Amino acid sequence: GATPNLDRFKQENSSNIVLFDEAIASAAYTRISIPSLLSVLPSKEFSEISRNPGILKIMKAVELEVVLISNQAKKGFHDSFITAFMEDASSRTYLTDQGHHYDEDLIPLLLRELEKSGENNRLIIVHLAGSHHPYDLKYPESEAYFSPDTIENKYLNSIRYTDSVM
């Protein structure tokens with residue numbers, strides 16, 4: 001299957017994991033679903049999202065730390081609106097500012113954040129490149145599992161790679 005690590009983790013930790021297997025994203029596009037996720041408004045009020053404080057702005061106002069570690073671009077048609085929401089994070093790292101990276105390159109940055117001690121609670125957001133087209137650029141060639149080299153198999157390979165990273 002495409003998610004052997006998640007499947008194994010679920011099996012080995014059934015009492016310590018909550019799996020939302022019938023969850024539905026608020027939109028088919030990240031540029032809509034991420035702002036909806038970070039908003040206090042229901043997704044049906046998406047047109048009002050930018051006029052209301054989101055979760056990150058609220059956390060900032062009460063001095064709770066938000067750390068963003070991203071493998072998504074900071075600017076672009078799909079990215080700029082999300083970046084505007086992320087501006088309220090206390091710390092923002094965009095790996096794409098330093099060229100192409102695979103999602104596994106986020107792991108050392110996450111581990112460094114987890115090692116930090118602090119008195120305040122904080123939210124760490126890890127924004128993967130995940131399974132956006134072109135799929136074969138989202139995983140190293142050595143991680144290709146499904147063949148032949150079709151668009152469906154490239155997509156499944158990107159899912160499988162994301163599973164290995166998570």
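This one's a predicted model, so the numbers in the text were calculated from it and none came from an experiment.
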Chemist: Thr150 side chain to Asn153 main-chain N or O, any donor-acceptor pair under 3.5 Å?
Modeler: yes
Chemist: Could you list all the side chain to side chain donor-acceptor pair (under 3.5 Å) pairs where at least one residue sits in residues 46-55, not counting sequence neighbours?
Modeler: Glu48-Arg51
Chemist: Taking all non-hydrogen atoms of both residues into account, name the closest pair between Ala89 and Leu68 and its distance.
Modeler: CB-CB, 4.2 Å
Chemist: Using a 3.5 Å cut-off and no angle test, enumerate the donor-acceptor pairs between side-chain atoms of residues 126-138 and protein atoms at least two apart in sequence or in another chain.
Modeler:
unit_1 : atom_1 : unit_2 : atom_2 : d
Ser131 : OG     : Ser158 : OG     : 2.9
His132 : NE2    : Thr30  : OG1    : 3.3

Chemist: I'd like to check the side-chain contact (heavy atoms from CB on, under 4.5 Å) partners of Ala27; sequence neighbours left out, ordered by chain and number.
Modeler: Ile32, Ser33
Chemist: Going by the rule side-chain hydrogen bond (donor to acceptor under 3.5 Å, both in side chains), which residues pair with Ser26 if we only count those two or more places apart in sequence or in a different chain?
Modeler: none
Chemist: Identify which one of Leu106, Asn71, Thr96 satisfies the side-chain contact (heavy atoms from CB on, under 4.5 Å) criterion when paired with His101.
Modeler: Asn71
Chemist: Residues in side-chain hydrogen bond (donor to acceptor under 3.5 Å, both in side chains) with Glu104, at least two apart?
Modeler: Tyr161
Chemist: More than 12 non-hydrogen atoms from neighbouring residues, nucleotides or ligands closer than 6.0 Å to CZ on Phe146, yes or no?
Modeler: yes
Chemist: Going from CD1 on Ile107 to CE on Met166, what distance comes out if it is rounded to the nearest 0.5 angstrom?
Modeler: 10.5 Å
Chemist: For side-chain contact (heavy atoms from CB on, under 4.5 Å), just list the numbers for Ser164 and Glu143, CA-CA rounded to whole Å, side-chain angles, deciding distance to a tenth of an Å, and then say yes or no.
Modeler: CA-CA 9 Å; Ser164 74; Glu143 295 290 326; 4.3 Å; yes
Chemist: Who are the side-chain contact (heavy atoms from CB on, under 4.5 Å) partners of Glu113, not counting sequence neighbours?
Modeler: Val67, Ile69, Lys116, Arg122, Ile124
Chemist: Could you report the tightest heavy-atom contact between Ile49 and Ser39, atom names first, then the distance?
Modeler: CG1-OG, 3.7 Å
Chemist: State plainly whether one hydrophobic cluster holds both Val165 and Leu6, where clusters connect Ile, Leu, Val, Met, Phe, Trp and Tyr through side-chain heavy atoms under 4.5 angstrom apart.
Modeler: no
Chemist: Measuring from atom OG of Ser91 to atom CG of Leu109, what distance do you get when rounded to the nearest 0.5 angstrom?
Modeler: 9.5 Å
Chemist: Taking Glu87 first and then Arg92, would you say they form a salt bridge - that is, a charged N and a carboxylate O separated by under 4.0 Å?
Modeler: yes
Chemist: In Å and rounded to the nearest 0.5 Å, what is the CZ to CG distance from Arg112 to Leu110?
Modeler: 10.5 Å
Chemist: Between atom CG of Asp163 and atom CG of Asn157, what is the distance when rounded to the nearest 0.5 Å?
Modeler: 12.0 Å
Chemist: Under the rule for side-chain contact (heavy atoms from CB on, under 4.5 Å), what residues qualify as partners of Glu22, not counting sequence neighbours?
Modeler: none
Chemist: Checking Asp97 now: which residues fulfil salt bridge (Lys or Arg N to Asp or Glu O under 4.0 Å) with it, not counting sequence neighbours?
Modeler: Lys74
Chemist: For Gln72 versus Tyr94, what's the shortest heavy-atom pair and its separation?
Modeler: O-CD2, 3.4 Å
Chemist: Rounded to the nearest 0.5 Å, what's the gap from CD1 on Ile34 to CZ on Phe81? Could you check?
Modeler: 12.0 Å
Chemist: How would you list, by chain and number, every residue that makes a ring pair (Phe, Tyr, Trp, His ring centres under 6.0 Å) with Tyr145, sequence neighbours excluded?
Modeler: none
Chemist: List for me each residue that meets salt bridge (Lys or Arg N to Asp or Glu O under 4.0 Å) alongside Arg160, sequence neighbours excluded, and say none if there are none.
Modeler: none
Chemist: side-chain hydrogen bond (donor to acceptor under 3.5 Å, both in side chains) with Lys44: which residues, sequence neighbours excluded?
Modeler: none
Chemist: Mark yes when over 12 heavy atoms from residues, nucleotides or ligands other than Gln11 sit less than 6.0 Å from its CD; otherwise mark no.
Modeler: no
Chemist: Please enumerate all residues that pass side-chain hydrogen bond (donor to acceptor under 3.5 Å, both in side chains) together with Lys57, with sequence neighbours excluded.
Modeler: Asp88
Chemist: What's the shortest heavy-atom distance between Tyr102 and Pro140, and which atoms?
Modeler: CE2-N, 3.5 Å
Chemist: Quick check on the hydrophobic clustering: are Ile125 and Leu114 connected, directly or via other members, by side-chain heavy-atom contacts under 4.5 Å?
Modeler: no
Chemist: Start with the C-alpha distance between Glu65 and Asn121, add both sets of side-chain angles, then the distance that settles side-chain contact (heavy atoms from CB on, under 4.5 Å), and finish with yes or no.
Modeler: CA-CA 7 Å; Glu65 185 179 9; Asn121 292 326; over 6 Å; no
Chemist: Do Leu64 and Val66 come within less than 4.5 Å of each other through their side chains, counting heavy atoms only?
Modeler: no
Chemist: Under a single-linkage definition using a 4.5 Å side-chain heavy-atom cutoff for Ile, Leu, Val, Met, Phe, Trp and Tyr, are Ile151 and Tyr139 assigned to the same hydrophobic cluster?
Modeler: no
Chemist: Nearest 0.5 angstrom please: Leu38 CG to Leu56 CG, how far?
Modeler: 5.0 Å
